[in-house]
Each structure stands twice: as structure tokens, then as C-alpha cells.
Amino acid sequence: MNKRILKNFFKDRALLISFYLVNIVSVITFYHLSEPSNTEVLYPFSVGIFFLFVYLLIDGYRYYQVNEAIENQLAEVKNYTEEQRAFYNWIKKLNHEHSREKNEQNERNKERLYFLSHWMHHLKTPVSVMDLIIQNEKKLQGDREPIQKLQQENKRLHTAIEQGLTMIRMDSFENDLEIKSMDLISSLRKLINNRKSEFIYQAAFPVLDSEEESAFIITDQKWNETMLDQIISNAIKYSSGKDGSKKIRFHIKQEEEVTILSIRDEGVGIHPYDLERVFEAFFTGENGRDFQNSSGIGLYLCKRIADRLNHRITIESEVSKGTSVTIQYLTKV
């Protein structure tokens, strides 16, 4: 039995109980003053209290049933009084209107997302065509610096489009999910190879450090690679702020039930006052002023993906020395 509901009942009925007791005392006093010889007080008072108790018992039962149903958020609530019925109908009306407005809003959002997604997919076509043109020009003219810069900007545009599409897909994350065991080392090698030209252009060299030839983890391969690709992209981008050759280290540590991946760069690092906000959407911090292509979306998406996949992601950094992103995976279910 919920004591809080009973307490609220007596609190709501306090005025009625008070007036009832005052009424009993007034009636007994009146008859006693009318007939001074009549000294019987206890009996009429007991009868009045008995009827009050019966009333409170019936009213309390009704009150308790309705409020318990409301507290447990039951769909159907049995109404005992006209007041309860009026409030119940009013709530149903509000709920119906809210549901209708919510459904209309969802339909409008779906339509916007559909056109936005369609438009972004169309953007991928000219980006792919430009990449083919650049590749042909490299064959004809060699790997000259202007062509390298065009290729990097085109790659950046492609990454921005992919980020936008990833944000759209996040709304239907569970519909595009396949959790299974996969080799983390194999995925890392593929992602590093895909960005080989960027590593060379930015003079950053990947170093894969693992005691084993393979490291199997429980995850969704596509979403996990989306997350890792974003972290690698950040590591390359923020390494460009320092001169000379830099290393991006991928360290894998396997324990009994978890596998820990650390991706550490030797880039510009993140200021301590920005570090706790790097996973917020569109937050670029101090580095956003120096790197104009910072969007503040990448790490936000990484955090959302990691949370959905039940992976633990943390970040540590030191200004001018580099940043380390650590992801903890489950090795066994």
C-alpha cells in the first residue's frame, strides 16, 4: 500500500473532516443546551464518528484506486465520481491532441530528413567525379602540390557529406545494426590504408602496436568503422598544426573480457578547459579558431555511436604534445 497516496488523501479531506467534526459537536451542544437534563454525549459522538469512518473508507478506496492507476501510468483508469470522470476525459483529450501534433511533427521531420538525405546523396556524385578528374590529372601531370591540395579539399568535402548522412542515420540506428564478433586489427588496417594519401600529405605515420595478430571484439562493423574513421581523421587533421614528421599510434591491449584501443597523435593537443566539452555537438573550442575546417560534429558522433554500441570512449590531451582517444570494447558477450 502506498503511504504517500493515503497521506495525500487525508490532506485533501482535512477540510471536510474538520467541518464534519465541528458539525457533530455543534449538534450535540445544541441539544444539550436545549435540554440541560440530557447529559448523553459519548453515544451520539460515537455514531457520528462511525459514519465518518464509513464514508472515509468508501471515499478512500475510490481515491486510492484512481491515484494508484495514475501513478503507475496505466492506460485505463476507473472513474468513481463525476469530478474524476471530467478530469480523465480532459486528460484523454489533451493526450489525443498531443499525439496528433506529435505525429504531424514526426511526419514533417521525416519528410525533411528524406529530402536532406536525398540532396546529400546527390552531392556525393560530383565529389566522386571530381576525385576521378583529380586522379586522371595526377597521372598526366604528376603529383603536384596544387593537385594534392585539390584532392585534400575534395576529401574534406566527402567527409563532411558522410558526417551529415551519419547524423541522419542515427535516428534509425537500431534498424541498421548487426552486432557480431570482428577483428579490430583488420578494420584498422583497412581504415589506415583508405587514408594513406592523407597520412603522406600531412607527414603523419601510422604505427600499429599489438601483441597479437588479431583482436576480436563484439561490435557492429560499419558503425564502429565510422567512429574509428572519424577519430583517425581528427588525428591526421590536428597533427598538421605541427612541423616535421609525426606518428599516430594505435595501441591494442587485450584483457580477459575487454579489448582496449588507444589512438594517440602527436598533434597540437586540446586545452584543459575545452577537454570536458569535446563530445558536445558543434563545440570546436580553442582549436576551432586555428583550424577553420573544424565542425564540432566528429567527436559528438563518435560519442553517440559508442554509447549506442555499449563501448566506453574517453579522451585525454596535453597542449602541444598530442591527444589520446581510448575505446573499450567487449571481447565476450
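All values below were derived from every heavy atom in this structure, side-chain atoms included, with hydrogens, water molecules and symmetry-related copies excluded.
Formation of a donor-acceptor pair under 3.5 Å by the Asp265 side chain with backbone atoms of Ser239 is not found in this model. Under a 3.5 Å cut-off, the side chain of Asn95 and the backbone N or O of Ile91 do not form any donor-acceptor pair. At least one donor-acceptor pair closer than 3.5 Å links the side chain of Tyr20 to the backbone N or O of Gly48. With Trp223 contributing its side chain and Asp176 its backbone, the two residues share a donor-acceptor pair below 3.5 Å. Counting only distance, with no hydrogens or angles, the side chain of Thr29 and the backbone of Val25 share a donor-acceptor pair below 3.5 Å. The main-chain N or O of Ser210 is never found under 3.5 Å from a side-chain atom of Lys253 such that the two would form a donor-acceptor pair. In this structure, the side chain of Asn154 engages the main chain of Val127 through a donor-acceptor pair within 3.5 Å. Between the side chain of Ser324 and the main chain of Arg264, no donor-acceptor pair closer than 3.5 Å is present.
The hydrophobic cluster containing Ile263 also contains Ile185, counting ILVMFWY residues as joined when their side-chain heavy atoms lie under 4.5 angstrom apart, directly or transitively. Residues Ile179 and Leu261 share a hydrophobic cluster, clusters being chains of Ile/Leu/Val/Met/Phe/Trp/Tyr side chains in contact below 4.5 Å. Phe199 and Leu191 fall within a single hydrophobic cluster, where Ile, Leu, Val, Met, Phe, Trp and Tyr side chains are chained together by heavy-atom contacts under 4.5 Å. Tracing side-chain contacts under 4.5 Å through hydrophobic residues (I, L, V, M, F, W, Y), one reaches Tyr43 starting from Ile49; they form part of the same cluster. Following chains of ILVMFWY side-chain contacts shorter than 4.5 Å, one cannot reach Val27 starting from Leu16, and the two form parts of different hydrophobic clusters.
Aromatic rings of Tyr63 and Phe9 (six-membered ring for Trp) have centroids within the 6.0 Å cut-off, being under it.
In summary, Glu153 and Lys155 do not engage in a salt bridge, as defined by a charged side-chain N under 4.0 Å from a carboxylate O. Salt bridge status for Glu162 with Lys124: present, with a side-chain N to carboxylate O gap under 4.0 Å. Between Arg108 and Glu111 there is no salt bridge, since none of the side-chain N atoms of the basic residue sits less than 4.0 Å from a carboxylate O of the acidic one. For Arg249 and Asp209, the salt-bridge test fails: no basic side-chain N is under 4.0 Å from an acidic carboxylate O. A salt bridge is defined here as a Lys NZ or Arg NE, NH1 or NH2 lying under 4.0 Å from an Asp or Glu carboxylate O, and Lys222 with Glu178 fails to meet this definition.
If you check the side chains of Thr331 and Thr259, you find a donor sitting under 3.5 Å from an acceptor. Defined by atom type and a distance below 3.5 Å, a donor-acceptor pair is present between the side-chain atoms of Gln221 and Glu225. Checked by atom type, the side-chain pair Arg100/Asn103 shows no donor-acceptor distance below 3.5 Å.
Remark: Lys247 pairs with no residue by the side chain to side chain donor-acceptor pair (under 3.5 Å) rule, at least two apart or across chains.
Of the residues Ile58, Leu52, Leu57, the one that meets the side chain to side chain contact (heavy atoms under 4.5 Å, CB included) test with Val54 is Ile58. When each of Ile260, Val258, Asn224 is checked for a side chain to side chain contact (heavy atoms under 4.5 Å, CB included) with Tyr329, only Asn224 meets the rule.
Heavy-atom neighbours of Glu104 CD from other residues, nucleotides or ligands within 6.0 Å: above the threshold of 12.
The two residues Met170 and Leu301 have their closest heavy-atom pair at CG-CD2, 4.4 Å.
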key: Trace of the salt bridge (charged side-chain N to carboxylate O under 4.0 Å, His left out) decision for Arg195 with Asp229   = CA-CA 9 Å; Arg195 292 186 177 272; Asp229 190 56; 2.9 Å; yes
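Met130 places a side-chain heavy atom less than 4.5 Å from the side chain of Leu157.
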